Amino acid sequence: MSRIQSTFARLAEQGRKALIPYVTAGDPFPDCTVELMLAMARAGADVIELGVPFSDPMADGPVIQKAAERALTHGIGLKQVLAYVRAFREQDGETPVVLMGYANPVERYGQAAFVADAKAAGVDGVLIVDYPPEECEAFAGLMKSAGLDPIFLLAPTSTDERMASVGKVASGYVYYVSLKGVTGAGHLDTEAVARMVPRIRARVSVPVGVGFGIRDAATAQAVARVSDAVVIGSRLVQLLEVEARDNVASTGAAFIREIREALDALPRS
């Protein structure tokens, strides 16, 4: 059982929901990423999604696009991201880390080499936005053979057939994008999420996390009532981008702590 699977199993036994923050590696300052990850884990993050900076992040809105641009300006690429994970693992051997990014950096690195190095660094799962499930069975197989979880996106427009395709290869959890459009956009319709999640659960056997449009404790609670996990990215990145270097970790931890307390205030299922 992977660290991700063990984490969700433990939370299910406790009747609690997973909190999954997203931050872009190397942003807002290259030397604060590991400290920020550790602070979020201590504050109650169950899984950390670490964004791999890319020059054309087509699924991301302006907030995360700018974060990627800042990180790229500092020379942060896939090798540096893996180094962050290795450094994190020196102090935290329990909190799962998922790399989230795009196909181009992985293809340039080489799929087999990437999987091997990600495993060695302490990565637990990988979500590649532009790897459709029906076209990356070999990559998913490589990951599973290394003990890594391939994670996939589903959207409001996903058909039953696409959900079934994801269900065949996904491991760890699936990430339901609750809004049409890019990260940080639109207004969260929790009733639509509540209708969609049962359809997904009927076709996948892994937990369902929901992200996009979750900005505060109230929206996190609303989504957690119908899902297994809450994913928060743009709002967290937005809070961090204006902080001084010495305040980044404490600001991230305070935000995560607030969301964690809101999720834990829900009735245990």
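Since we're looking at a predicted model, the values are computed, not measured.
Surrounding NZ of K144 are more than 12 heavy atoms belonging to other residues, nucleotides or ligands, all under 6.0 Å away. The number of heavy atoms from other shown groups lying within 6.0 Å of CZ (R108) does not exceed 12. Atom CD of E137 sits in a sparse spot, with 12 or fewer heavy atoms from other residues, nucleotides or ligands closer than 6.0 Å.
Pairing each heavy atom of L236 with each of Y22, the nearest pair is CD2-O, 3.7 Å. Minimum heavy-atom separation, L148 to K119: CD2-CD, 4.1 Å. The shortest non-hydrogen separation linking P207 to G172 is CD-O, 3.3 Å.
Taking the charged nitrogens against the carboxylate oxygens, D228 and K17 have no contact shorter than 4.0 Å, which rules out a salt bridge. Under the 4.0 Å criterion applied to side-chain N and carboxylate O atoms, E134 and R162 are assigned as salt-bridge partners. Between R16 and D264 there is a salt bridge, since at least one side-chain N of the basic residue sits less than 4.0 Å from a carboxylate O of the acidic one. Classification of R260 and D46 as a salt-bridged pair holds, one side-chain N sitting under 4.0 Å from a carboxylate O.
Under the salt bridge (charged side-chain N to carboxylate O under 4.0 Å, His left out) criterion, D130 pairs with no residue, sequence neighbours left out. Under the rule for a side chain to side chain contact (heavy atoms under 4.5 Å, CB included), the partners of D31 that lie at least two apart in sequence or sit in another chain are F29, R245.
Judged by distance alone, the side chains of E69 and Q65 never bring a donor and an acceptor atom under 3.5 Å apart. One side chain, D92 or T95, offers a donor N or O that lies under 3.5 Å from an acceptor on the other. For the residue pair Y173 and D149, no side-chain donor N or O sits within less than 3.5 Å of a side-chain acceptor on the partner. In this structure, a donor-acceptor pair under 3.5 Å is present between the side chains of Y131 and Q111.
Remark: side-chain polar atoms of E243 are not paired, donor with acceptor, to backbone N or O of L240 under 3.5 angstrom. E49 places no side-chain N or O within 3.5 Å of a backbone atom of P21 that could act as its donor or acceptor partner. Counting only distance, with no hydrogens or angles, the side chain of T24 and the backbone of A68 share no donor-acceptor pair below 3.5 Å. With R235 contributing its side chain and I214 its backbone, the two residues share no donor-acceptor pair below 3.5 Å.
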